[in-house]
Amino acid sequence: MAEEKLPRRSEDFSAWYNEIVSRAELAEHSPVRGSMVIRPNGYGIWELMQQALDKMFKDTGHQNAYFPMLIPLSFITKEAKHVEGFAPELAVVTQGGGKELEEPLVLRPTSETIIYHMYAKWVQSYRDLPILMNQWANVVRWEMRTRLFLRTMEFLWQEGHTAHETEAEAEAETLQMLGVYRTFMYDHMAMPVICGPKSDSERFAGALRTYAVEGLMQDNKALQAGTSHNLGQNFAKVFDLQFQSREGTLEYAWNTSWGVSTRMVGGLIMTHSDDDGLVTPPKLAPVQVVIVPIFKTDVEQAVVMGAADAVFRELKAAGVRVKLDSRDSMSPGAKYYDHELKGVPLRMEIGPKDVEKNTVVIVPRVELSKEEAAKPGRKQKLFVPREGLSERVRQLLDALQSQLFDNALARREANSVRGTTSYDEMKALIERDAGFIYAGWCGSAECETKVKEETKATIRVIPFEEFRSAVQPTHCIVCGGEARHEAVWAKSY
RNA sequence: CGGGGCGUGGCUCAGCCUGGUAGAGCACCUGGUUCGGGACCAGGGGGUCGGAGGUUCGAAUCCUCUCGCCCCGACCA
């Protein structure tokens, strides 16, 4: 049958990405332009992301709630910057029940307006603060060009919305949630991200400050994987979100909002996957281990299936997400390719020889540097005793999780350029897709715009201290003026 | 909205120029032999060619209109 190979990443990255999404059955286009159907394999990843994040939100004191999808148009237009930012991508409902509506409704592009409108009703005094809520929802933004997971007209996300007594408290919340995203991306997605504030031009419409986590994909384009906003009192003022303070005065509350979306699934794909298909970190893999039984005769089949089933039950009892691939009419080899394409972290082969020796063969999806190396041109194969198997499997899953992180971090650092002081050199670097470019910036919008217009690269983030270069730039790479920040520049999704 | 491409079984595509009433590979179904890196043989089901109109004895093929999709550029999580 010889299924066609995937396009190579090095030859056509976006064709490679599209093929993975399609062939691993993660998602496909719906009949409506720009919107997508998320299939079980893709949704399974999203569900695991949700579970992990939801727990982190609860652990930091947040509660889930749900606000409706239809928002009065007048709400959106109340905050000047907010309308300006979202007007071009609004989907508006003008008819209902066969009649023209008195006031058009928009499909939420984000929920600040409706949420702060409601908070205003719930808050009287400082005793009602803080409000710490999150919602899991879909949002709609009319996009010109779409890519599955990375940018679609409707997407799934979570949006946290909080209200606080003081600016300091709101700022602390904004940073705390950015930290939650960062931890999630490190520990679960195995995706190293750099964190920090956005420049003014990249700030969320209506926010005081926007912070982001940014990953570097394998084509050296940056992906904004999550944002956290300090909204100041902008929305509170517009929606009359006031409270009586401890001193008896009437004050506007301070708000934050923060979100991550199904875009992370795209980030996951572009961070780890290879020319053989999808690669999923064990913590987010709907199937962590797949067992492929191997046999020729009926007698062998009975013995092998017995052993495979026992292993299956043992792993399942140990809390491993395991699947026994008992499809007949498909050769073991064909199954190997299939599971590699779909990104299953560990493949376990059980055949007559294994049963005889009381072992199994485990093949990790990505080579583990701490295990016996693979023979040249072959996949790494580990011969594992049946005794203590579930413990060993756990250990290998953990090892794979950290291996993926290490690989991604090494790749990002190999594609980060620091110390450039010449604008011409910077242009040349961007021209050949060099990755993250750390350079001095005077802080002016003029210099930022100039770079964007001349190179298509933008400031992804002004990195927090721990992400900054050892030697800090002293001059703006564009105008040569005094550098107020070190900025990270890259082309982005 | 500007530039390019494409709509033919589930998928990828050939056929269109030089009209004659639809074909391949993969997938699917049945039976048998296979099975430690993409199995093979035999048999079988499934499309009226994006839509509408026109030319013609006859249209997937020619003409007109129309709808939709994809890719590249201007906006964005």
Side-chain angles (χ1 to χ4, degrees), chain A residues 1-6 12 14-15 18-19 22-23 25 28-35 84-90 109-110 138-159 181 198 201-205 210 212-215 222-229 257-267 276-277 292-298 300-301 304 325-341 347-357 359-361 363 377-379 381 383 452-453 456 458 460 492-493:
Chain A
M1 65 180 228
E3 188 75 20
E4 248 181 81
K5 287 222 159 83
L6 283 171
D12 190 342
S14 68
N18 292 339
E19 281 292 306
S22 154
R23 305 242 294 251
E25 296 173 5
E28 58 187 75
H29 292 279
S30 93
V32 175
R33 180 186 78 85
S35 55
E84 199 182 304
F86 282 106
E89 35 186 337
L90 287 181
T110 178
N138 58 339
V139 286
V140 172
R141 297 180 187 178
W142 213 261
E143 298 290 351
M144 307 205 193
R145 282 192 61 204
T146 59
R147 301 284 309 278
L148 291 177
F149 289 114
L150 299 172
R151 172 163 296 107
T152 48
M153 299 225 295
E154 178 186 1
F155 57 94
L156 303 182
W157 76 344
Q158 88 16 245
E159 47 181 323
Y181 291 153
K198 286 281 187 181
S201 70
E202 301 273 323
R203 202 190 323 123
F204 174 75
T210 288
V213 288
E214 295 267 336
L223 182 80
Q224 177 171 304
T227 47
S228 186
H229 316 290
S257 69
W258 27 275
V260 293
S261 72
T262 37
R263 169 180 257 201
M264 289 191 297
V265 178
D276 294 331
V292 178
I294 296 154
F295 49 80
K296 289 188 174 68
T297 65
D298 287 355
E300 281 178 354
Q301 174 170 13
V304 165
D325 187 350
S326 54
R327 287 177 289 184
D328 50 12
S329 82
M330 197 170 182
S331 70
K335 291 179 183 177
Y336 299 167
Y337 283 102
D338 188 45
H339 295 117
E340 277 162 17
L341 176 66
R347 174 176 80 238
M348 187 180 290
E349 304 169 12
I350 301 181
K353 289 185 230 164
D354 300 297
V355 176
E356 195 182 311
K357 291 185 294 183
T359 58
V360 300
V361 172
V363 180
R378 309 282 290 275
K379 296 270 180 189
K381 276 197 171 196
F383 297 87
K452 183 171 180 178
E453 282 172 359
K456 300 256 192 283
T458 50
R460 300 320 304 158
S492 72
Y493 277 95

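The chains referred to below are lettered A, B, ... by the order of the sequence lines, with proteins before strands, and numbering in each begins at 1. Just so you know, these numbers use all the heavy atoms, side chains as well, and skip hydrogens, waters and symmetry mates.
Scanning for side-chain contact (heavy atoms from CB on, under 4.5 Å) contacts around A:Ser331 gives A:Ala334, with sequence neighbours left out. Listed by chain and number, the residues in a side-chain contact (heavy atoms from CB on, under 4.5 Å) with A:Asn18 are A:Arg147 (sequence neighbours excluded). For A:Glu28, the side chain to side chain donor-acceptor pair (under 3.5 Å) partners two or more places apart in sequence, or in a different chain, are A:Arg39. A:Arg203 pairs by the side chain to side chain donor-acceptor pair (under 3.5 Å) definition with A:Asp200, not counting sequence neighbours. By the side-chain contact (heavy atoms from CB on, under 4.5 Å) test, A:Gln301 pairs with A:Phe295, A:Asp298, A:Met305, sequence neighbours left out.
Nearest to the side-chain atoms of A:Lys456 among the listed nucleotides B:A77, B:G36, B:G73 stands B:G73. Comparing atom distances between the A:Val361 side chain and each of B:G36, B:A77, B:C35 picks out B:G36 as nearest. Set against B:G36, B:C75, B:G37, the side chain of A:Pro332 has B:G36 as its closest nucleotide.
No contact: A:Glu202 has no heavy atom under 4.0 Å from any strand. Among the heavy atoms of the strands lying under 4.0 Å from A:Leu150 is at least one base atom, whether or not backbone atoms are also near. Contact annotation for A:Glu143: base contact, defined as any heavy-atom pair under 4.0 Å involving a base atom. Residue contacts shown for A:Phe155 include a base, since a base heavy atom lies under 4.0 Å away. Looking at heavy-atom distances under 4.0 Å, A:Arg327 makes no contact with the nucleic acid at all. Within 4.0 Å (heavy atoms only), A:Asp328 reaches no atom of the nucleic acid at all.
Remark: the A:Glu349 side chain and the B:G37 base include no donor-acceptor N/O pair separated by less than 3.5 Å. No donor-acceptor contact under 3.5 Å links the side chain of A:Asp338 to the base of B:G38.
With hydrogens and angles ignored, the 3.5 Å screen pairs no side-chain donor or acceptor of A:Lys198 with any backbone N or O of A:Phe204.
Regarding contacts with the backbone of B:A39, a side-chain N or O of A:Ser331 is found under 4.0 angstrom from either OP1 or OP2.
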Quick test: give all pairs of protein nitrogen or oxygen and nucleotides 67-69 of chain B nitrogen or oxygen below 3.5 Å, distance rounded to 0.1 Å.
unit_1, atom_1, unit_2, atom_2, d
B:C69, OP1, A:Arg33, N, 3.3

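Stacking between A:Tyr337 and B:G38 is shown: the ring centroid lies under 5.5 Å from the centre of the six-membered base ring, and the planes differ by under 30°.
A cation-pi contact, defined as under 6.0 Å to the ring centre and within 45° of the axis, links A:Arg347 to A:Tyr336.
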